[in-house]
Engineer: 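Got a structure for you, written out below as C-alpha cells; questions coming shortly.
Just so you know, residue 1 is the first one in the sequence shown, and it goes up from there. Everything numeric in this text was worked out from a predicted model, so none of it was measured.
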Amino acid sequence: MFVKVKMEGVAIVRKINLRTYRSYNSLKGALIAMFSRYNRDDFKDHASYTLTYQDKEGDWLLAGDLPWLNFVESVHRLQIQRSRD
C-alpha cells in the first residue's frame with residue numbers, strides 16, 4: 001500500500017509503502033527522520049508533530065484512532081503537521 005506523505009514546511013513529497021511499518025510510532029519516527037534531511041528544524045522532539053491522514057472518502061483525520069491494520073487499508077495520503085500549542 002503506497003501513499004504520498006507531505007510534511008508541513010517541506011516542499012518535497014515522498015511516497016512510502018505503509019506495509020513496511022508495524023505501528024504508528026515506527027511510522028512517525030521513520031517519517032520524521034526521512035524529512036529531517038530537507039529541513040533545518042530540530043526533529044528530535046517527535047511529540048511536537050502530529051500525523052494526520054486522508055481516508056478514501058477524502059476526510060482528514062488524526063492517525064492513531066484506528067487499529068493499525070484498518071488504518072493501513074483506509075489511508076489515502078499522510079501529512080505531518082507541527083503541533084499547535
Engineer: Nearest heavy-atom pair of Tyr24 and Pro67: which atoms, and what distance?
Structural biologist: OH-O, 4.1 Å
Engineer: Can any side-chain N or O of Asn17 pair as donor or acceptor with the backbone N or O of Met1 at less than 3.5 Å?
Structural biologist: yes
Engineer: For residues Arg82 and Tyr49, is any side-chain donor paired with an opposing acceptor at under 3.5 Å?
Structural biologist: yes
Engineer: Side-chain heavy atoms under 4.5 angstrom apart, residues restricted to Ile, Leu, Val, Met, Phe, Trp, Tyr: same cluster for Tyr21 and Leu69?
Structural biologist: yes
Engineer: Of the non-hydrogen atoms in Tyr53 and Leu62, which two are nearest, and what is the gap between them?
Structural biologist: CE2-O, 3.5 Å
Engineer: Out of Val13, Ile12, Leu78, Ile32, which one pairs with Met7 under the side chain to side chain contact (heavy atoms under 4.5 Å, CB included) rule?
Structural biologist: Ile32
Engineer: If you look at every heavy atom in Trp68 and Leu18, which pair is closest and at what distance?
Structural biologist: CZ2-O, 4.0 Å
Engineer: Tell me every residue that passes salt bridge (Lys or Arg N to Asp or Glu O under 4.0 Å) with Arg19, counting only those two or more places apart in sequence or in another chain.
Structural biologist: Glu73
Engineer: Taking all non-hydrogen atoms of both residues, which atom of Ala63 and which atom of Phe71 are closest, and how far apart?
Structural biologist: CB-CE1, 4.1 Å
Engineer: When rounded to the nearest 0.5 angstrom, what distance separates CD in Gln79 from CG in Leu31?
Structural biologist: 12.0 Å
Engineer: Within a strict 4.5 Å, meaning less than it, do heavy atoms of the Met34 and Val5 side chains meet?
Structural biologist: no
Engineer: Any pair with a residue in residues 52-67 that passes salt bridge (charged side-chain N to carboxylate O under 4.0 Å, His left out), sequence neighbours left out, goes on the list, sorted by first then second residue, please.
Structural biologist: none
Engineer: Nearest 0.5 Å, what's the CD1-CZ distance between Ile80 and Arg14?
Structural biologist: 11.0 Å
